[in-house]
Amino acid sequence: MNMRAAAVQMNSGGEVAANLKRAGALVDRAAGGGAQLAVLPENFSLMQESRADLLAAAEEVGGGAAQDFLAAASARNKIWLVGGSIPLRCSERGKVRSACLVYAPDGSPARRYDKIHLFDVRITAAEGYRESDYIAPGEVDMRTVDAAGVCVGLSICYDLRFPEMFRALGQLGAQVATVPSAFTLTTGRAHWRTLLCARAVENLMFVIAPAQSGRHSNGRRTYGHSMIVGPWGDILAEQAEGEGVLSATLDLGAQKKLRENFPVIAHRRMV
């Protein structure tokens with residue numbers, strides 16, 4: 001069994017409507033190239049300039065510009081669409097959930113994952129981030145979705161640094177993991193490729209990692225280098241910079257045989 005998958009690389013800005021228009025064109029391109037599954041990057045609908053911008057763009061579950069876009073784009077193209085991340089309203093005052101929403105080919109919502117691990121780091125004296133100031137973490141609940149018979153595990157960006165999460169997704173049956181991201185330029189250069197390949201090899205799974213790329217209207221710089229990685233750690237597709245679509249055929253039959261011949265997960269002796 002094979003699946004054609006695509007990762008969408010973007011340079012999102014501070015205008016939701018403009019971001020959605022661009023994302024729509026890229027999803028259409030992915031579907032036109034034969035993709036059955038397309039994945040958008042983290043913050044695809046908004047790279048906010050302030051907390052106020054983020055709160056203003058946050059949507060109620062079940063309706064809003066970004067959710068309407070995802071439903072329409074998946075239905076129009078008859079594909080599975082993993083919606084990177086969008087801000088959803090939550091009960092914590094002054095905060096949102098960073099939610100990855102998956103839509104089926106008929107445009108219906110199929111799964112939701114809220115980002116668990118929040119990026120609270122000091123990279124240099126001049127560069128630091130505190131996502132917990134404006135994002136409420138999701139419950140510790142690993143989420144997968146059956147996409148045309150393929151088990152897809154969901155994560156968002158900083159989750160990539162937590163190997164136990166991907167092992168848990170693998171134990172739930174994930175053959176593919178999606179990692180929509182907005183890695184910083186500094187951390188991307190240092191760790192992006194290494195982490196993606198490690199998660200793939202450790203779990204003998206495909207990893208689809210669409211990313212934000214370039215300098216954004218809020219001044220932030222992201223690394224790009226969206227990738228699709230095979231279960232042996234081979235780079236099946238990559239785009240270094242700029243907006244675009246990268247695609248690859250996921251050979252799930254070969255993956256099954258690899259897992260049978262190299263049963264590293266069954267050999268595990270840790271609790």
Side-chain angles (χ1 to χ4, degrees), residues 1-9 26-41 70-71 73-84 100-113 142-156 159-160 163 165-180 196-210 226-239 245-268:
M1 176 181 176
N2 291 342
M3 169 178 269
R4 189 71 177 170
V8 174
Q9 184 158 290
L26 293 167
V27 171
D28 291 350
R29 186 192 304 177
Q36 301 159 274
L37 169 71
V39 190
L40 289 160
L70 291 168
S74 57
R76 179 174 68 251
N77 290 291
K78 296 180 173 56
I79 61 170
W80 287 90
L81 183 56
V82 179
C100 177
L101 304 178
V102 183
Y103 283 76
D106 63 0
S108 63
R111 202 64 163 141
R112 170 182 169 181
Y113 164 71
M142 304 300 100
R143 296 294 178 98
T144 64
V145 62
D146 185 324
V150 179
C151 186
V152 178
L154 306 176
S155 74
I156 300 174
D159 290 333
L160 180 61
M165 179 173 177
F166 290 80
R167 180 52 51 88
L169 289 170
Q171 290 174 328
L172 290 174
Q175 298 155 278
V176 178
T178 57
V179 192
L196 290 174
C197 291
R199 299 297 88 84
V201 170
E202 289 164 350
N203 301 290
L204 299 177
M205 64 172 52
F206 293 95
V207 176
I208 304 173
S226 296
M227 293 185 193
I228 300 176
V229 185
W232 200 243
D234 43 328
I235 308 300
L236 303 180
E238 179 179 2
Q239 177 159 332
V245 175
L246 55 152
S247 302
T249 298
L250 312 185
D251 188 337
L252 299 157
Q255 179 192 38
K256 182 175 184 294
K257 185 175 181 179
L258 176 62
R259 286 179 166 184
E260 291 169 352
N261 292 340
F262 203 86
V264 62
I265 295 173
H267 293 160
R268 185 170 179 264

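The distance from the CD atom of Gln36 to the CD1 atom of Ile79 is 10.0 Å, given to the nearest 0.5 Å. Rounding to the nearest 0.5 angstrom, the gap separating the CG atom in Asn77 from the CZ atom in Arg29 is 13.0 Å. Note that SG of Cys197 is 3.5 Å distant from CD1 of Ile235, once rounded to the nearest 0.5 Å. With values rounded to the nearest 0.5 angstrom, Leu154 atom CG is found 7.5 Å from Thr144 atom OG1. Of the inter-residue distances, the one linking Lys256 atom NZ with Asn261 atom CG reads 10.0 Å to the nearest 0.5 angstrom.
Here the closest non-hydrogen pair linking Met205 and Ala177 is SD-CB, 3.5 Å. Heavy atoms only, all atoms of each residue included: Ala110 and Ala104 are closest at CB-N, 4.3 Å. Nearest heavy-atom pair, Arg143 versus Arg112, reported as atom, atom and distance to 0.1 Å: NH1-O, 2.8 Å. When all heavy atoms of Met142 and Ala168 are compared, the closest pair comes out as CG-CB, 3.8 Å. Nearest heavy-atom pair, Tyr103 versus Ser74, reported as atom, atom and distance to 0.1 Å: CB-OG, 3.5 Å. Closest non-hydrogen pair, Gly153 versus Ala174, comes out as N-CB, 3.9 Å.
The backbone N or O of Gly107 sits nowhere less than 3.5 Å from a side-chain atom of Arg76 that would complete a donor-acceptor pair. Looking only at distances, a side-chain donor or acceptor of Gln255 sits under 3.5 Å from a matching main-chain atom of Gln175.
No side-chain heavy atom of Tyr113 sits less than 4.5 Å from a side-chain heavy atom of Val145. Under the 4.5 Å side-chain criterion, counting only non-hydrogen atoms from C-beta, Ile208 is in contact with Leu37. Inter-residue side-chain proximity for Val82 and Cys100 is flagged as met; some heavy-atom pair is nearer than 4.5 Å. Taking the side chain as every heavy atom from C-beta outward, Ile265 and Leu204 never approach each other to under 4.5 Å. At least one side-chain heavy atom of Leu81 sits under 4.5 Å from a side-chain heavy atom of Leu40.
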With a 3.5 Å cut-off and sequence neighbours excluded, list the donor-acceptor pairs that the side chains of residues 226-234 form with protein atoms.
residue	atom	partner	partner atom	Å
Ser226	OG	Gln9	OE1	2.6
Ser226	OG	Ala211	N	2.8

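The pair Arg199-Glu202 meets the salt-bridge criterion, with a side-chain N (NZ, NE, NH1 or NH2) lying under 4.0 Å from an Asp/Glu carboxylate O.
The only member of Val176, Val150, Val152, Thr178 that meets side chain to side chain contact (heavy atoms under 4.5 Å, CB included) when paired with Phe206 is Val176.
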